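Here the structure is a predicted model, which means the values were calculated and not measured. Chain letters run A, B, ... following the sequence lines, proteins first, then strands; residues in each count from 1.
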Amino acid sequence: MLTGPFSHRTNGNYIHLDRSCAPMRMSRYFLPTLKENPTDAQIVSHRLMLRAGMIKQASSGIYSWLPMGFKILRKLENIVHEEQQRAGHNPILMPTLQSADLWRESGRYDDYGEEMLRITDRHGHDMLYGPTNEEQVTDIFRSHVRSYKDLPQTLYQIQWKFRDERRPRFGVMRGREFFMKDGYNFDIDKDSALHAYNRHLVSYLRTYERMGLKAIPMRADSGPIGGDDTHEFLVLADTGESEVFYDTKILDLTLGDREVDYDNWDQCADIMKEWTTPYARTDETHDEALFNEVPEERRKVSRGIEVGQIFYFGTKYSEAMGATVTNAEGKDVPVHMGSHGIGVSRLIGAIIEASHDDKGIIWPEGVTPFGVGIVNLKQGDDEADTACEALYKSAIALGLDPIYDDRNERAGGKFATMDLIGMPWRITVGPRGLKNGVVELTSRKTGESEEMTPEMALEKLTKIYAGI
RNA sequence: CGGGCUAUAGCGCAGUCUGGUAGCGCGUUCGUCUGGGGGACGAGAGGUCGUAGGUUCGAAUCCUGCUAGCCCGACCA
């Protein structure tokens, strides 16, 4: 029952990955916050992740995830799982270490270059730490699927990847080891594969929206494949690595609560059209003449963080690796494929870049590690302690996933910590209010406080989270 | 991979130019006072100065090699 405020979203296929999601007393929580900015961290999300005790750098571009960082990572992972499964995609888990032989089949073992971390095992076999998984998933597919009747099919995983970047930077935004959802569709022909492409676009829009992010699909560089068959999802932020050009009209679009039938080709195509009609491109594909057709007051140039990408690449891997099915005419044909990625660990950085102030992080309610922070202003005072304990227990029972600051700290320190770690809501309990039977409910975003009874505060929070 | 920079206490820094046995702030421990936005006072713990070698009576400081990390650029979820 206590799976957190978002359990109502779960469907039959929901995978429980939320063992790290548990309410917590601050006195027992491993939350090593820092008052000062570490020098190595240059951008705000990296600084705040270190200051909020979410991560610890292990080596360049490689991080350990401490309890709160880990909890958010799991939360994002859950959202991605839920939305993928809602779209009818199958979760799998492939190993991080792959055999070089598969990559020799596709020809990418030699093409990939220095970014691929190559390892030799004790038998002298060439292995690699996977930077992506087209070969591995194609091998799984070809081993088991023979008939067009088993199509369409989409397999995805959320797994660690490694790319030996020349220059890791910006904390988890551009690490060498990163946590990523990668999905692969297998279809009988191009039309069906393009529906898979549209279906992914819709599921991604929904995923980002749940995370409180405005991620804009932008036509991206399709490389050697050509055509319109790849889009990147960009979150606008000054610290973004890509320059982006867009029609501000696209910012008004939301998917909202509309019912989506992921098997409905027309509906997915319509949504795809809705989001890709307003001009939105990265510098890779930017077309100045086309951009100038947008009314001047709606033309905007800024920077963005890439948090996902979808591709259609046809039969590139299926032909190279012999992934064929028998079609209705009894003929063996290579399957049409696409791949789709969401940078889960990078998303945490992107969310912070998009949502913070000078006091710290401001978590959107959809991803916050805890639903509410309870601050006891006078630890050790019988009345305050009793009220806080009761509030904490009620909040747990309501699935609000609270964090209770029961440390023997001064009020200022407790407030500063709650602000730094980004609790979207705070309930402040002190002797002054308790005399009148009230506590204070404060919004992190607006800073506005309201006095009310503890019951009313919990009721209000329950309503807020029910709408997420 | 080209260019720049850094390495001294858990974190942020000073000391290096001009060699003489290591200091400040935050944090941390103990005590007292305090108690609605990182409080005050007092007492303490904590560093063989990234690493290996060299010069010297003596090296955090001068010289050489190595390692690690950060920033700008080119490349990428």
Side-chain angles (χ1 to χ4, degrees), chain A residues 32-43 46-47 50-51 53 56-62 80 112-116 130-133 158-183 204 215 220-221 223 230-235 239-242 282 284 304-311 339-350 358-360 375-381 384 405 407-420 426-435 438-440 442 447 449 451:
Chain A
T33 56
L34 301 172
K35 262 184 158 175
E36 284 171 282
N37 284 322
T39 5
D40 280 353
Q42 295 297 314
I43 66 164
H46 191 198
R47 279 203 301 265
L50 289 167
R51 286 194 52 207
K56 157 92 169 76
Q57 181 166 352
S59 57
S60 181
I62 303 178
V80 174
Y112 213 91
E114 302 252 320
E115 284 201 354
M116 185 150 81
T132 177
N133 292 270
I158 304 177
Q159 174 64 295
W160 293 94
K161 310 286 187 295
F162 196 94
R163 292 183 193 175
D164 201 358
E165 294 280 344
R166 289 186 186 95
R167 190 189 157 206
R169 60 186 133 163
F170 302 152
V172 300
M173 297 264 275
R174 192 174 186 70
R176 291 194 291 171
E177 189 183 45
F178 56 98
F179 201 46
M180 180 180 160
K181 175 260 167 177
D182 49 318
Y204 279 25
D221 189 3
T230 180
H231 281 84
E232 289 179 350
F233 291 78
L234 278 292
V235 171
T239 47
E241 292 191 85
S242 320
T282 66
E284 286 173 348
I305 301 165
E306 188 191 338
V307 293
Q309 186 159 16
I310 52 178
F311 288 97
S339 71
H340 326 88
I342 294 180
V344 178
S345 47
R346 172 181 282 186
L347 268 169
I348 297 182
D358 54 356
K359 291 181 193 159
V375 168
N376 185 345
L377 287 175
K378 198 165 183 183
Q379 207 71 42
D381 176 88
D405 193 344
R407 298 171 304 166
N408 190 19
E409 292 287 324
R410 299 169 62 84
K414 291 190 177 186
F415 291 148
T417 299
M418 286 298 180
D419 289 346
L420 174 63
R426 188 184 79 213
I427 297 180
T428 309
V429 181
R432 194 190 292 169
L434 286 177
K435 269 191 198 116
V438 297
V439 296
E440 207 172 270
T442 307
S449 287
E451 288 199 334

Answer for the Watson-Crick or wobble partner of B:G69, both distances under 3.5 Å, is B:C5
Against the side chain of A:E115, the closest entry in B:G36, B:C76, B:C71 is B:C76
Out of B:C72, B:G38, B:C76, minimum distance to the side chain of A:R169 belongs to B:C72
Tell me if the side-chain of [X] makes a donor-acceptor pair with the base of [N], cut-off 3.5 Å, by modelled atom types.
| X | N | answer |
| --- | --- | --- |
| A:E440 | B:G36 | yes |
| A:R410 | B:G35 | no |
| A:R426 | B:G37 | yes |
| A:R166 | B:C76 | no |

Residues which pass salt bridge (charged side-chain N to carboxylate O under 4.0 Å, His left out) with [X], listed by chain and number, not counting sequence neighbours:
| X | answer |
| --- | --- |
| A:R47 | none |
| A:D40 | none |
| A:E284 | none |

With sequence neighbours left out, the residues meeting side-chain hydrogen bond (donor to acceptor under 3.5 Å, both in side chains) with A:D182 are A:N133, A:Q157, A:K161, A:Y184
- Under 3.5 Å, is there a donor-acceptor pair between the side chain of A:E165 and the main chain of A:F162? no
Whole-Å distance, A:N408 CG to B:U29 P, equals 11 Å
Rounded to whole Å, NZ of A:K359 lies from P of B:G37 at a distance of 12 Å
Closest to the 5' end of RNA chain B, once A:F170 and A:T428 are matched to their nearest nucleotides, is A:T428
Result for 5'-nearest mapping on RNA chain B, choosing between A:P431 and A:V172, is A:P431
- For A:E115, does the CD atom sit with more than 12 other heavy atoms under 6.0 Å from it, leaving out its own atoms? yes
With sequence neighbours left out, the residues meeting side-chain contact (heavy atoms from CB on, under 4.5 Å) with A:P131 are A:W103, A:Y112, A:M116, A:L128, A:R163
Taking the [atom1] atom of each, how far is [N] from [M], in whole Å?
| N | M | atom1 | answer |
| --- | --- | --- | --- |
| B:C30 | B:G73 | P | 48 Å |
| B:C57 | B:C41 | C1' | 46 Å |
| B:C76 | B:U29 | P | 49 Å |

In B/S/- notation (B base, S sugar-phosphate only, - none; protein heavy atoms under 4.0 Å), nucleotides 10-15 of chain B written 5' to 3' is -BSS--
